[in-house]
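Have a look at the structure below before the remarks.
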Amino acid sequence: AQKVTQAQTEISVVEKEDVTLDCVYETRDTTYYLFWYKQPPSGELVFLIRRNSFDEQNEISGRYSWNFQKSTSSFNFTITASQVVDSAVYFCALSEETSGSRLTFGEGTQLTVNP
Amino acid sequence: EPEVTQTPSHQVTQMGQEVILRCVPISNHLYFYWYRQILGQKVEFLVSFYNNEISEKSEIFDDQFSVERPDGSNFTLKIRSTKLEDSAMYFCASMRRGPNTEAFFGQGTRLTVV
C-alpha cells in the first residue's frame, strides 16, 4: 500500500530564510511517481513538480529545489530565500504504476513566511 | 493555457438533498478523477474514470456517490442524500495519459451541508 508522510505540520520562517519541507513515502512498486503541490489560501491545488522513480537527479527551478533520495524514500522540497507569497500548504503525493493513476497525498505542511 | 473548470465554486445544500458537482476536464485528457478535502485535512482520492467507466474507487466512494460523463466534455459527481460529513472541498482532476503525467486540478467546489 502506498503512503506519504509529511511529519512537519506547520513551519514558520522569516522572509529570506531558506526552508525545507520533508516528505517520506512508502511503496512496494519499483515504478512510481512523486509530486509536490502548493495550496495557497485561495484553495486551489497548484502543481509544482513530478519525478519518476528512475530519475534521482535533483532539480532546481528558480528558488525551488527538490532532493529525491530512494535510499531513504524521501523527496524533500527546499525554498530558498522565502517570500511572503510562498505562504501556503504544501502537499507531497505519490502514484504507483500498478495501483492505477490515483494520487495519495501526505497530510500537508502549512508554511507561513513572515515579513 | 488549458485548465480544468469546476462549477459551482460553492454549494450549500440541506442534509438529505442530492447535489451534482460539475467539471469540464482538459479536452485531450483521458483520465478523470474526483478528490475530496475536508477542511484542514489532506486531499483524499475518491474515484478515477477512464474509457467511460470507473477504473478505481476508494472506500469513501460508496453507493451514495456516482460519476458520469454525460457528453464529451462534462464530468459530474453526484452525491445522493447528502450528510453533514460530506461537507468538504471537492476537486476534479484530469490527466492526459496515466501515472506518468501531471494531474491538473480544478479550482474546487466547496460543498457545505447544513
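Just so we're on the same page: letters track the sequence lines, and every chain starts at 1. Keep in mind that this is a model prediction, so the values were computed, not measured.
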Phe105(B) side chain reached by Tyr37(A) side chain, heavy atoms, under 4.5 Å: yes
Cluster overlap Ile38(B) with Leu77(B), hydrophobic side-chain contacts below 4.5 Å: no
Residues 106-115 of chain A: residues contacting chain B (heavy atom under 4.5 Å, by number): Gly106(A), Glu107(A)
Residue part contacting chain A, namely of Gln41(B), when any heavy atom lies under 4.5 Å: backbone
Heavy-atom neighbours of Glu85(B) CD exceed 12 at 6.0 Å: yes
Heavy-atom proximity to chain B below 4.5 Å, by part of Tyr32(A): neither
Residue pair Glu44(A) / Phe91(B): nearest heavy atoms and the distance that separates them: CA-CE2, 4.3 Å
Point-to-point distance, once rounded to the nearest 0.5 Å, from CG of Leu45(A) to OH of Tyr35(B): 10.0 Å
Beyond-backbone contact of Met95(B) with Ser101(A), side-chain heavy atoms, under 4.5 angstrom: yes
Leu21(B) with Val113(B), same ILVMFWY side-chain cluster at under 4.5 Å: yes
Residue selection (most heavy-atom pairs with chain A, distance under 4.5 Å) from Ala103(B), Ser55(B), Gly106(B): Ala103(B)
Heavy atoms from other residues, nucleotides or ligands near NZ of Lys16(A) exceed 12 (cutoff 6.0 Å): no
Side-chain heavy-atom pair Lys42(B), Phe91(A) within 4.5 angstrom cut-off: yes
Ile60(A), CD1: over 12 other non-hydrogen atoms inside 6.0 angstrom: no
Under 4.5 Å from a heavy atom of chain A, the part of Glu44(B) involved: neither
Residue Asp63(B) excluded, over 12 heavy atoms near CG under 6.0 Å: no
Single-linkage hydrophobic cluster Ile60(B)~Tyr33(B), side-chain heavy atoms < 4.5 angstrom: no
By side-chain hydrogen bond (donor to acceptor under 3.5 Å, both in side chains) - contacts of Asp71(B) (at least two apart): Ser73(B), Asn74(B)
Joint cluster assignment, Tyr64(A) & Val13(A), ILVMFWY side-chain distance < 4.5 Å: yes
Straight-line distance of Glu102(B) CD to Ile49(A) CD1, nearest 0.5 Å: 11.0 Å
Cluster check Phe104(B), Trp34(B): I/L/V/M/F/W/Y, side chain < 4.5 angstrom: no
